[in-house]
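Accompanying notes for the structure given below.
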There are 2 protein chains.
Amino acid sequence: MERTTRQREALRNVIEDAQRPLSPQEILDGAQAVVPGIGIATVYRNIKLLLDAGEIEVVTLPGENPRYEPAHRAHHHHHHFQCDACRRVFDVHECPGDLKGLAPKGFRVHRHELTLYGLCKECIALKRSAVASA
Amino acid sequence: MERTTRQREALRNVIEDAQRPLSPQEILDGAQAVVPGIGIATVYRNIKLLLDAGEIEVVTLPGENPRYEPAHRAHHHHHHFQCDACRRVFDVHECPGDLKGLAPKGFRVHRHELTLYGLCKECIALKRSAVASA
DNA sequence: ATGTGTGCAAATGATTTGCAGGTTG
DNA sequence: CAACCTGCAAATCATTTGCACACAT
């Protein structure tokens, strides 16, 4: 049965309080403040536990190391938008829908992942003011 | 100046002849058949060279190590399919089309990446024969 | 007390780099 | 023969695992 430890509680809180998906190292950094001496191995072990328990979810974008966020914040089926300027990632709740027809014949499609790239609202505004002040 | 070596030629051919993006290890395996003794370091060094030369392009899927494919094949807009069983990656030439409407309002979408997941033809066949022999 | 959890360090797996010797132009 | 290349092994980087000890229940 799963036990309650200072380390696990600290890790849970760090992930919960973050306003964005965190990398294992970022999670460790946050937990160090509460439980000095906590090790990176404990972070990885608990990430796995929390994933299995369905408390957190992994966010994997192409070419980037995995990050983790609370499951309740990640909800149901959704996609991501990454800003080419600020690199931040936003949730996209729209979905193109059924894509099973796209695969080569004979293949079976179970699910899909979509990442949109471009400029977020804020970076568009920043660019506009930069041009204006030029 | 860049020189012509058996190793480099072999690597180029393996990548060119493949019908799908290859991992460094897959490239090495293919090249071993032509140049026994070729090492993984040579594969990585030449991948970097070919990337800089614009001959090949990187394919990065969420949570996966990079794979490489010839630039002329990558230049056509396309997507990827990854088999949940054998983990191999295949090109998908179909595209759902315009996805600009999916992003939050105020965002500008420049491009998108789509990855389909499921079972490839071969793994479906393997599963079928496994069931048959059970 | 009993088994889970933790820290440390060694083990992985992927990729990079230093070095000494081999090959190309 | 000078510069470029290669193979090997050691070095990184991120992540995993073995072990002995600590701790929750």
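Every chain is numbered from 1 and lettered A, B, ... according to where its sequence line falls, protein lines coming before strand lines.
You'll find that the side chain of B:P66 is closest to C:dT15, out of C:dT15, C:dT17, D:dT16. Relative to the side chain of A:R3, the nucleotides D:dT15, C:dT15, D:dT25 differ in distance, and D:dT25 lies closest. Listed candidates were D:dT6, C:dT23, C:dT6. Nearest to the side chain of A:R45 is C:dT6. Checking C:dT17, D:dC5, C:dG7 against every side-chain atom of B:R8, the shortest atom distance belongs to D:dC5.
Put simply, B:T5 has no side-chain N or O that comes within less than 4.0 Å of OP1 or OP2 on D:dC4. Here B:T4 reaches the OP1 or OP2 of C:dG25: one of its side-chain N or O atoms lies under 4.0 Å away. Between C:dT16 and B:K48, a contact under 4.0 Å exists linking OP1 or OP2 to a side-chain N or O. Phosphate contact (OP1/OP2 of D:dC5, side-chain N/O of B:T42, threshold under 4.0 Å): absent.
A:I47 has its CD1 atom 15 Å from the C1' atom of C:dT6, to the nearest Å. Taking atom CG of residue B:L28 and atom P of nucleotide C:dG13, one finds them 16 Å apart after rounding to whole Å. For the pair B:Q25 CD and C:dT15 C1', the interatomic distance rounds to 12 Å; values are reported in whole Å. Following rounding to the nearest Å, B:E64 (CD) and D:dT15 (P) show an atom-to-atom distance of 14 Å. Taking atom CG of residue A:N65 and atom P of nucleotide D:dC13, one finds them 13 Å apart after rounding to whole Å. The nearest whole Å value for the distance from the CD1 atom in A:I40 to the C1' atom in D:dT16 is 12 Å. Between B:N46 atom CG and C:dT24 atom C1' there is a gap of 14 Å when expressed in whole angstrom units. The separation between A:Y44 atom OH and D:dT15 atom P is 3 Å, rounded to whole Å.
Salt bridge B:R88/B:E26: absent, no basic N to carboxylate O contact under 4.0 Å. Between A:E2 and A:R12, at least one side-chain nitrogen of the basic residue sits less than 4.0 Å from a carboxylate oxygen of the acidic one, meeting the salt-bridge criterion. For A:E57 and A:R73, the salt-bridge test fails: no basic side-chain N is under 4.0 Å from an acidic carboxylate O.
Between A:I38 and B:A41, the residue whose closest nucleotide on DNA chain C is further toward the 5' end is A:I38. For A:R6 and B:E2, each mapped to the nucleotide of DNA chain D holding its nearest heavy atom, the one lying further toward the 5' end belongs to B:E2.
In this model, a donor atom of one side chain and an acceptor atom of the other lie less than 3.5 Å apart for A:H79 and A:H77. Counting only N and O atoms by type, the side chains of A:Q25 and A:D29 include a donor and acceptor under 3.5 Å apart.
Around CZ of B:R6, the count of heavy atoms belonging to other residues, nucleotides or ligands within 6.0 Å does not exceed 12. Surrounding CD of B:E122 are at most 12 heavy atoms belonging to other residues, nucleotides or ligands under 6.0 Å away.
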Each base of DNA chain D marked ( ) or [ ] if paired in-strand (Watson-Crick or G-U under 3.5 Å), | if paired to another strand and . if unpaired gives |||||||||||||||||||||||||
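Shown are A:L102, A:L114, A:D98; of these, the side-chain contact (heavy atoms from CB on, under 4.5 Å) with B:P96 is made only by A:L102.
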